[in-house]
Amino acid sequence: MEEVDVEPAVTNIPAAGQGKHLGFAWGPGGILVYETHHQPKEAKGPGSPYIHEVRKDEDIYSPILRKLFNESHHIFVGLQTIRDELPSKNKKPQFVSVSKNYRSIIRACMEELHFCASDHPSNLIWNLCEVLFIDAAPAGSLLLHLLDWVRLHKADVDEKTREVLQSESPAEHHNYWDVVVSYVLQGRLEEARQMLVKQANIQPAARNMYKLMDTLLSKMPFYNPSGTQTLTEFDVKWRHWHEEVDRCLQDNSFASSQHLETICKILAGDEDTLLEQKDLLSTWYHFLVTRLLYCHPTVKPTELHYYAQSCLTMFLETSAPEPLDSILLAAFEFDIHQVIKDCSIALNNWWFVAHLTDLLDHCNLLQSHNLHFGSNLREFLLLEYASGLFTHHSLWQLAVDYFDHCPEFGHVYLELQIERVSLDTERKALKVLRICEQRQMSEQVRSICKIMAMRALKNNRLGSALSWSIRAKDAAFATLISERFLQDYCSKGTFSDLDLIDNLGPAMLLSDRLTFLGKYREFHKLYGEKRFTEAAKLLLSLMMAKIAPRSFWMTLLTDALPLLEQKEVLQLWYIVTHQIPQNIFPIQDEDIEVTKVELLRLALARNLAMAIVKEGTVEA
Amino acid sequence: MDGVVAKYVSQKISKTRWRPVSHTTLQQPEIFATGSWDNEDNKISIWSIGSNGVPAMEDEFEGDPQLVCELRHDGDVLDLQTLSVSQSWARAHHYPSDNAPCTGVVCNSPEIVTVGEDGRIITFRADHETVTRIIDNADSSTIHAVTYLKTSEILTVNSIGQLKLWDLRQQGNSPSQILSLSGDRVPLHCVGRHPNQQHIVATGGQDGMLCVWDVRQGNTPFSLMEAHSAEMWEVHFHPTNPDHLFTCSEDGSLLHWETSSQDTPSFLQGGRNNSMMSRSAMAPAGGNQSIISAWLNGDSSKGRLETTHMLPSQTLSVNSLDVLGQCLVCGTDGEAIFVNGQVPV
């Protein structure tokens, strides 16, 4: 057995007190737990009458997250179609935009859940994965993306700014310098300069110093990926600026203002000064990005892990990293599988990992990895997520599309799961049926139709039952129902559900009995319309074809009685009359009133006689 | 798409209906109701897109539908209708005694007619507590939808492809007329009646075909059009501009059909190739009739029928739609409702 990565969480089952034994069974979507006894002999009093269901994916039951599932389903289906249309070069922007769509849904849902949306770990992790893996920005633009990432997830600066600016004299607000430094830490130098102007205005004496700082800030070069400048040119320019900052520090240009001195040290990339701002940075990854900004703006993706690791150690010092920290660190190390694994453990739903993995797989980032069980990682996670959806009474429809896009096991999963959908109404049955028919799942189609037919039969709705069995092409069941129709006719003397039987059409050929039912009804119709010749012909062919159930022969012959006397059809009867007695003999074995048979014999004999006479007459 | 507002509502929507507005005012409808299905707790919810109560937004057509109230409902909501007089929501859904699902309801104030999977037709009066009349065994299979033709005449469609006309004044338990597509037994799921010409009805069924029938003229539909690739769940003529027709389907699409009465050549709009078959062998009866519906003289060879997709691509079933004035609302299995306030009619 493999070792577990983390200690499994303990779930307490209420009402299962001390000294009780629990039994369990795999149920739909989770584990069913019940109280039991260790040994049969121990049975003393009645145990707990409850069965507890332990579910693993509880987020599925949140009404707000249902929006997340539905919206992301839409994006997921769209993503699957991108795969082959475009050459891989043009796909990247598409994948990035898909990723952004996913994130905007996460954000909307988190906002509705009243979380601080931008701070929510799933959004943070996804965004970082987008920057590092999907967008895969090269050196230079990488830092810009990381800056955006930090700015997005450290939005409390803007709130503080609003507070400061709304106060009577912003420059004297107690948060003023926090705001300025935060701006600098995030590389939002333009905003920092605007704030500094306010301070400069109330300190005319220090104007030159502020002006110097303003120049420093405004001159800081940022890499422009769309411009013509090469990375080396930028690097030279940046070094030049950095030397200027260093010079200012050495000259003690800002010695008279502690705050400006700090800012200058930050600009110079002084690690100790940065670490002093722990409260403003609040996280080690903010520290990382700021450090990169002012020390290594041309950092390459491959070097990231080194800085990340050192920043984490420097920032956290002795305290242990949280799960989120390890996930982000793994991302900086480009260890995608570790990220997915840690996310699966840390987040209590499959939604996140399933969709992220799927997207990364589309970007061809997961190829090398195969599990020693099931298919690949993407399919495994999608199957888990979709199976979770299927246990939900309402979200099961979404899961179907996920299964469709799992090439190896999706179909099998769908087959097993779809049978468990309860069919409350015909409308729902039709929807499930459509799903099965589209995927050529004939076994499931048959079983659904059978369920519906049985239900209709139980409710004494023969017509409905017959319709369902025709749809399933279930000959045996159609025979059974036809039999019921004939029984009903025998006992009542009239047919029910004529609208159906009269319109069977080609469906009639499904089973012999059904054909007989349809044709027999046709005979009645012809008889009713006084088209005796045709009626007699039909009746004869029914008798000759031997598709009538034996128990029904008497009825048929009784029906034939009046026709035997019909002048127009005598001829016809003659041809086959001599065959009928042979067919009657088996009937005699059974327990039938003798008089009826006698009557039939008489009628047949009369018919034979008349036919012979008539035939003779014609020939003469 | 322009003017379309989507809202995710965390429940699968089975029905959407506008609250009627008076024909005399040129007011646009503001309030609609939705019914959900396949939830643990199903609900009927009333939504408002109007500005009353809600502070007016910049938009010309206010955005998000706001929830006004909702009501728990046992069992799936399969059909909803408004009572035009009291404008209340009365007995939108009724279970006959044996708990067979009721599949359709229609009302012509104060009368209400419901049909169900048990093949019964039941009539009520809104102001009476008891059932007015039950037609047992009205159908051997499930009746899927019902509509009024005239005050005392209703039309039902069933799961073996038949249309049955019932005269409620007559006592017997048999329909006055049965129409069907000969040979086919394709279940029909919905029926929509032409607002002015009561003999014209449109039906849609399991194969997604749209059929237009003239019920006075026997057994064949006037035209057959390939519309959707899966079950058509609802078909509606536009109540005031019946040259327009709307259909929605399990395949996740919502189509807008337009037939122009003028003899101008027009080109198929939208990205859809609609292949059409017309079995209009018979000429419309009564040549001296001044108004012949564009649906009945529709000659497919002239291509005067245009179809347009109304929804952005989406994969899950559109279960219901309702159109009134320039406003269209539809609900899907993807738990979204779409409101379009600028339907080009």
Side-chain angles (χ1 to χ4, degrees), chain A residues 61-71 73-74 76-78 81 105 108-109 392-398 400-401 421-422 424-428 430-431 433-435 437-438 452 455-456 459-468 470-471 496-507, chain B residues 6-12 14 36-40 42 75-76 78 98-103 116-119 137-142 144 158-162 164 174-175 178 180-185 187 189 206 229-231 233 250-251 312-317 319 332-336:
Chain A
Y61 297 90
S62 148
I64 292 169
L65 286 179
R66 281 177 71 165
K67 295 179 190 178
L68 174 77
F69 300 139
N70 275 294
E71 285 197 74
H73 165 260
H74 193 63
F76 173 82
V77 174
T81 58
I105 307 174
C109 281
H392 191 273
H393 52 86
S394 184
L395 292 171
W396 57 272
Q397 266 176 311
L398 299 179
V400 175
D401 282 310
V421 175
S422 67
D424 313 322
T425 61
E426 280 197 18
R427 168 78 71 116
K428 191 168 174 184
L430 287 171
K431 281 178 185 274
L433 210 53
R434 169 64 64 178
I435 289 170
E437 279 173 347
Q438 274 170 348
M452 295 310 285
R455 187 178 300 168
N459 290 331
N460 219 11
R461 301 273 308 145
L462 291 184
S464 253
L466 189 56
S467 294
W468 281 110
I470 289 173
R471 180 150 184 186
S496 57
D497 301 326
L498 285 180
D499 52 352
L500 175 69
I501 301 173
D502 283 349
N503 286 293
L504 282 173
Chain B
K7 187 178 176 77
Y8 284 85
V9 291
S10 295
Q11 48 188 340
K12 289 200 275 193
S14 60
S36 71
W37 77 286
D38 204 23
N39 273 331
E40 262 166 3
N42 287 300
D76 298 348
L78 291 177
D98 60 343
N99 264 349
C102 160
T103 53
E117 278 182 20
D118 55 354
N137 271 329
D139 206 308
S140 59
S141 44
T142 301
H144 279 142
N158 68 12
S159 63
I160 51 170
Q162 295 169 328
K164 294 185 179 180
S174 54
I178 298 182
S180 70
L181 262 176
S182 49
D184 274 342
R185 301 177 65 259
H189 291 304
Q206 183 179 296
S229 58
E231 284 90 348
W233 292 127
E250 177 76 20
D251 66 7
S313 73
Q314 80 123 46
T315 51
L316 289 173
S317 168
N319 288 328
T332 72
D333 273 348
E335 308 192 343

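Throughout, a chain's letter reflects where its sequence line sits, starting with A, and its residues are numbered from 1. Bear in mind the structure is a predicted one, so any value in this text is a computation, not a measurement.
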Hey, can you tell me if B/H189 and B/W233 have their rings parallel, tilted or perpendicular (30° and 60° cut-offs)?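 Because their plane-to-plane angle lies in the 30° to 60° range, the rings of B/H189 and B/W233 count as tilted.
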When you check the side-chain N and O atoms of B/D38 and A/H393, is any donor under 3.5 Å from an acceptor?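 The answer is no; no qualifying pair exists.
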With a 4.5 Å cut-off on heavy-atom pairs, point out which of A/K67, A/R471, A/E71 contacts chain B the most.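 Ranked by contacts with chain B, first place is A/E71.
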Given the options A/S422, A/A507, A/G463, A/A465, which has more heavy-atom pairs under 4.5 Å with chain B than any of the others?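 Among A/S422, A/A507, A/G463, A/A465, the one with the most close pairs to chain B is A/G463.
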For [X], is it the side chain, the backbone, both or neither that has a heavy atom under 4.5 Å from a heavy atom of chain B?
X      : value
A/N460 : neither
A/A456 : neither
A/L430 : both
A/W468 : neither
A/H74  : side chain

Check whether B/K12 reaches the backbone of B/T332 with its side chain - one donor and one acceptor, N or O, closer than 3.5 Å.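 No, because the side chain of B/K12 does not come within donor-acceptor range (under 3.5 Å) of the backbone of B/T332.
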Please confirm whether the backbone N or O of B/S140 pairs with a side-chain atom of A/R461, one donor and one acceptor, at under 3.5 Å?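 The answer is yes, because a donor-acceptor pair under 3.5 Å joins these two groups.
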Do A/F69 and B/E335 have side chains that get closer than 4.5 Å, going by heavy atoms?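 No. Closest side-chain heavy atoms not under 4.5 Å.
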So do A/R66 and A/S394 actually touch side chain to side chain, heavy atoms under 4.5 Å?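 SC-SC contact between A/S394 and A/R66 confirmed.
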Is any NZ, NE, NH1 or NH2 atom of the basic residue among B/D333 and A/K431 found under 4.0 Å from an Asp or Glu carboxylate oxygen of the other?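 Salt bridge: yes.
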Non-hydrogen atoms of chain A under 4.5 Å away: do they reach the side chain of B/E231, the backbone, both or neither?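 Both the backbone and the side chain of B/E231 come within 4.5 Å of chain A.
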Best-contacting candidate, B/S159, B/G119, B/A336, against chain A by heavy atom pairs under 4.5 angstrom: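 Highest number of heavy-atom pairs under 4.5 Å: B/G119.
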